Q: 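Structure in structure tokens, see below.
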Amino acid sequence: MTYRELYEYGAKELEKAGIAEAALDARLLLEHICRTDRNALLVYGESERSPLEEEFYKKTIEQRSAHIPLQHITGEQEFMGLVFRVNEHTLIPRQDTEILVEEAMRYLGDGMRILDLCTGSGCILLSLLKYSNECEGIGVDISKKALLVAEENAKRLELDAAFLEGDLFDPLAQFASEKVRDGLFDIIISNPPYIASNVIETLMPEVKDHEPLIALDGREDGLYFYRQIIEKAPAYMRKGAMLFLEIGYDQAEAVRFLLQKSGFVQIEVIKDYAGLDRVVKASVPLHGLR
């Protein structure tokens with residue numbers, strides 16, 4: 001089959017399977033298998049592909065038709081202009097989360113210390129470290145398998161970061177390192193699980209069936225992890241430190257209330273590219289100043 005015939009086959013099969021972006025996914029999978037770029041369809045559309053490429057491509061189309069996420073098939077996702085390894089143990093980095101990183105970068109200065117809670121693939125922390133100088137970073141996640149992916153990403157990007165296994169702030173008490181020093185951070189950032197438990201079954205198959213439940217489930221009302229983070233964060237924040245949280249589109253007022261209740265100040269809600277509430281940022285409360 002030619003390059004174009006393979007593409008047309010893939011697009012048709014994915015469309016039949018109800019894949020929302022069938023044509024795009026068919027092209028991306030073809031580029032992945034053939035190690036080509038987006039210009040190949042135009043320039044080399046009539047070139048014959050090898051039987052092995054055809055076989056592998058059809059297998060990936062079969063996988064995508066079963067609603068396995070594209071990123072789990074390719075093993076990669078671009079985020080903040082960087083390529084990150086991902087798998088079924090990590091949440092797939094999304095464009096909306098770039099808003100979280102971009103807001104943190106407005107405050108981030110060279111040499112700052114960053115704590116990334118629920119780090120997953122490490123994409124948030126590693127992006128901040130990549131685009132700054134001499135910053136120190138710790139990523140925490142309860143999933144050991146997710147941390148293995150984060151460590152691989154740090155190695156691929158040639159970045160120095162520490163990744164700790166445990167529940168939110170718990171691992172910090174046992175972590176003896178120069179990276180912690182006085183135990184305080186300039187930035188605490190998190191994209192925690194924030195989907196209410198009873199909503200998860202309504203999500204698209206790619207998410208509810210293939211992404212890790214532990215990275216999605218925010219318990220009964222979706223606010224469990226915000227309560228935990230907001231209550232405990234001040235003890236780990238130095239004077240002038242900032243807290244950055246990704247939120248669901250309908251959670252801004254609830255999270256704002258939690259922050260106000262804990263004494264945080266300069267609370268601001270930032271919208272995403274679709275005009276939906278996406279990030280809440282706030283300054284450490286007075287009783288947390290060091």
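The figures that follow rest on heavy atoms only: side chains count, while hydrogens, waters and symmetry mates do not. Treat the numbers as computed from the prediction; the structure is a model and nothing was measured.
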Q: Please check if the number of heavy atoms outside E21 that lie under 6.0 Å from its CD is greater than 12.
A: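 Not more than 12 within 6.0 Å, no.
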Q: With side chains defined as the heavy atoms from C-beta onward, is the minimum distance between L172 and L115 less than 4.5 Å?
A: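 Yes; the side chains approach each other to less than 4.5 Å.
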Q: Following the transitive rule for hydrophobic clusters with a side-chain heavy-atom cut-off under 4.5 Å over Ile, Leu, Val, Met, Phe, Trp and Tyr, establish whether V207 and F79 coincide in one cluster.
A: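 Different clusters: V207 never reaches F79 through Ile, Leu, Val, Met, Phe, Trp or Tyr contacts under 4.5 Å.
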Q: Below 4.5 Å, heavy atoms only, C-beta onward: do R278 and I270 meet side chain to side chain?
A: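 Sidechains of I270 and R278: no contact.
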Q: Using a 3.5 Å distance criterion without hydrogens, assess whether the side chain of Y273 forms a donor-acceptor pair with backbone atoms of Q95.
A: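 No, Y273 side chain to Q95 backbone: no donor-acceptor pair under 3.5 Å.
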Q: Mind jotting down which residue pairs meet the salt bridge (charged side-chain N to carboxylate O under 4.0 Å, His left out) criterion with at least one end in residues 60-69? Sequence neighbours excluded, please.
A: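 Matches after skipping sequence neighbours: D25-R64, R64-E206.
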Q: Where the side chain of E98 meets the backbone of M80, is there a donor-acceptor pair that is under 3.5 Å apart?
A: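 Confirmed, E98 side chain pairs with M80 backbone.
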Q: For the CZ atom on F56, are there more than 12 heavy atoms of other groups (residues, nucleotides or ligands in this structure) within a distance under 6.0 Å?
A: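 At most 12 heavy atoms, drawn from other residues, nucleotides or ligands, come within 6.0 Å of this atom.
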Q: Is I189 linked to F264 within one hydrophobic cluster, defined over Ile, Leu, Val, Met, Phe, Trp and Tyr using a side-chain heavy-atom separation of less than 4.5 Å?
A: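 No; tracing contacts between hydrophobic side chains, which count when under 4.5 Å, never links both residues.
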Q: If we ignore hydrogens and angles and just use 3.5 Å, is the side chain of S190 paired with the main-chain N or O of D116 as donor and acceptor?
A: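 No, because the side chain of S190 does not come within donor-acceptor range (under 3.5 Å) of the backbone of D116.
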Q: With sequence neighbours left out, write down each residue that passes ring-ring contact (aromatic ring centres under 6.0 Å, His included) with F169, or none if nothing qualifies.
A: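 With sequence neighbours excluded, F169 shows a ring-ring contact (aromatic ring centres under 6.0 Å, His included) to Y236, given in chain and number order.
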Q: Has the side chain of Y57 got a donor or acceptor atom that lies under 3.5 Å from a matching backbone atom of A26?
A: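 Side chain of Y57 to backbone of A26: a pair is present.
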Q: How about C135 and L128: do any of their side-chain heavy atoms sit closer than 4.5 Å?
A: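 When only atoms from C-beta onward are counted, L128 and C135 do not touch, as no gap falls below 4.5 Å.
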Q: If you draw a 6.0 Å radius around CD in E54, do more than 12 non-hydrogen atoms from other residues or ligands fall strictly inside?
A: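 Count over threshold, so yes.
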Q: Could you go through K58 and I61, starting from their C-alpha distance and side-chain angles, then the distance that decides it, and tell me whether this counts as side chain to side chain contact (heavy atoms under 4.5 Å, CB included)?
A: CA-CA 5 Å; K58 288 183 176 180; I61 291 297; 5.5 Å; no
Q: Assess whether side chain to side chain contact (heavy atoms under 4.5 Å, CB included) is satisfied between D272 and Y249, documenting all intermediate values.
A: CA-CA 9 Å; D272 61 22; Y249 73 95; over 6 Å; no
Q: Please determine whether side chain to side chain contact (heavy atoms under 4.5 Å, CB included) holds for the pair C123 and N153, giving the CA-CA distance in whole Å, both sets of side-chain angles, and the decisive distance to 0.1 Å.
A: CA-CA 8 Å; C123 65; N153 282 323; over 6 Å; no
Q: Do you know which two heavy atoms are closest between E246 and Y194, and how far apart they sit?
A: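 Nearest heavy atoms, E246 then Y194: OE2-OH, 3.2 Å.
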Q: Check whether any side-chain N or O of N133 sits under 3.5 Å from a backbone N or O of D110 as a donor-acceptor pair, and report yes or no.
A: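 No, N133 side chain to D110 backbone: no donor-acceptor pair under 3.5 Å.
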Q: Which pair of non-hydrogen atoms, one from L129 and one from A161, has the smallest distance, and what is that distance?
A: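 Shortest heavy-atom separation between L129 and A161 comes out as CD1-CB, 3.8 Å.
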Q: Mind jotting down which residue pairs meet the salt bridge (charged side-chain N to carboxylate O under 4.0 Å, His left out) criterion with at least one end in residues 138-149? Sequence neighbours excluded, please.
A: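 Every pair satisfying salt bridge (charged side-chain N to carboxylate O under 4.0 Å, His left out) with a residue in residues 138-149: there are none.
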Q: Could you check K155 against E152 for salt bridge (Lys or Arg N to Asp or Glu O under 4.0 Å), going step by step and ending with a plain yes or no?
A: CA-CA 5 Å; K155 184 176 181 180; E152 180 184 354; over 6 Å; no
Q: Report yes if some heavy atom in the side chain of V140 is under 4.5 Å from a heavy atom in the side chain of C118; otherwise report no.
A: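 Result no, sub-4.5 Å side-chain heavy-atom pair not found.
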Q: Quick one: are R256 and Q260 in side-chain contact, heavy atoms under 4.5 Å?
A: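 Heavy-atom side-chain distance check passes, below 4.5 Å.
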Q: Is it possible for you to say whether L164 and I188 belong to one hydrophobic cluster, with membership spreading through side-chain heavy-atom contacts below 4.5 Å?
A: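 Yes, L164 connects to I188 through the hydrophobic network.
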Q: With heavy-atom distances below 4.5 Å as the criterion, would you say the side chains of Q77 and F84 are in contact?
A: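 A side-chain contact under 4.5 Å is absent here.
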Q: Taking only residues at least two apart or on different chains, which pairs with a member in residues 119-132 satisfy salt bridge (charged side-chain N to carboxylate O under 4.0 Å, His left out)?
A: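 Matches after skipping sequence neighbours: none remain.
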Q: Could you go through the side chain to side chain contact (heavy atoms under 4.5 Å, CB included) check for M112 and S132 one step at a time?
A: CA-CA 9 Å; M112 284 188 172; S132 61; over 6 Å; no
Q: Side-chain contact, heavy-atom cut-off 4.5 Å: V284 with L243?
A: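 Heavy-atom side-chain distance check fails, nothing below 4.5 Å.
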Q: Membership question, hydrophobic clusters at under 4.5 Å side-chain separation (ILVMFWY): are L245 and V279 in the same one?
A: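 Result: no, two separate clusters.
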Q: Hey, quick one: are I195 and M204 part of the same hydrophobic cluster, counting side-chain heavy atoms closer than 4.5 Å, chains of contacts allowed?
A: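 Yes; tracing contacts between hydrophobic side chains, which count when under 4.5 Å, links both residues.
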Q: Can you sort out the partners of A66 under side-chain contact (heavy atoms from CB on, under 4.5 Å), two or more places apart, ordered by chain and number?
A: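 Testing A66 for side-chain contact (heavy atoms from CB on, under 4.5 Å), a comparison that skips the adjacent residues, returns none.
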Q: Write down the atom of E220, the atom of S197, and the distance for their closest heavy-atom approach.
A: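 Scanning both residues completely, I find the closest heavy atoms to be N-OG, 4.0 Å.
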Q: Below 4.0 angstrom, N of the basic side chain to O of the carboxylate: do E8 and R4 qualify?
A: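 Looking at R4 together with E8, the answer is no, because their closest N to O distance does not fall below 4.0 Å.
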Q: E31 and R27: salt bridge (Lys or Arg N to Asp or Glu O under 4.0 Å), yes or no, with the steps?
A: CA-CA 6 Å; E31 291 169 4; R27 178 176 64 79; 2.6 Å; yes
Q: Do side-chain atoms of T90 reach the backbone of S121 as a donor and acceptor pair under 3.5 angstrom?
A: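 Not at all, since once roles are kept as given, no pair shorter than 3.5 Å links the two residues.
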Q: With a 4.5 Å limit on heavy-atom distance, are the side chains of N191 and L91 in contact?
A: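 A side-chain contact exists here, since the closest heavy-atom pair is under 4.5 Å.
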Q: Can a salt bridge be assigned to the pair K12 and E15 using a cut-off of 4.0 Å between side-chain N and carboxylate O?
A: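 Salt bridge flag = no for E15 with K12.
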Q: Run the salt bridge (Lys or Arg N to Asp or Glu O under 4.0 Å) test against E268 and tell me which residues pass, sequence neighbours left out.
A: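 With neighbours one apart ignored, the set is K281.
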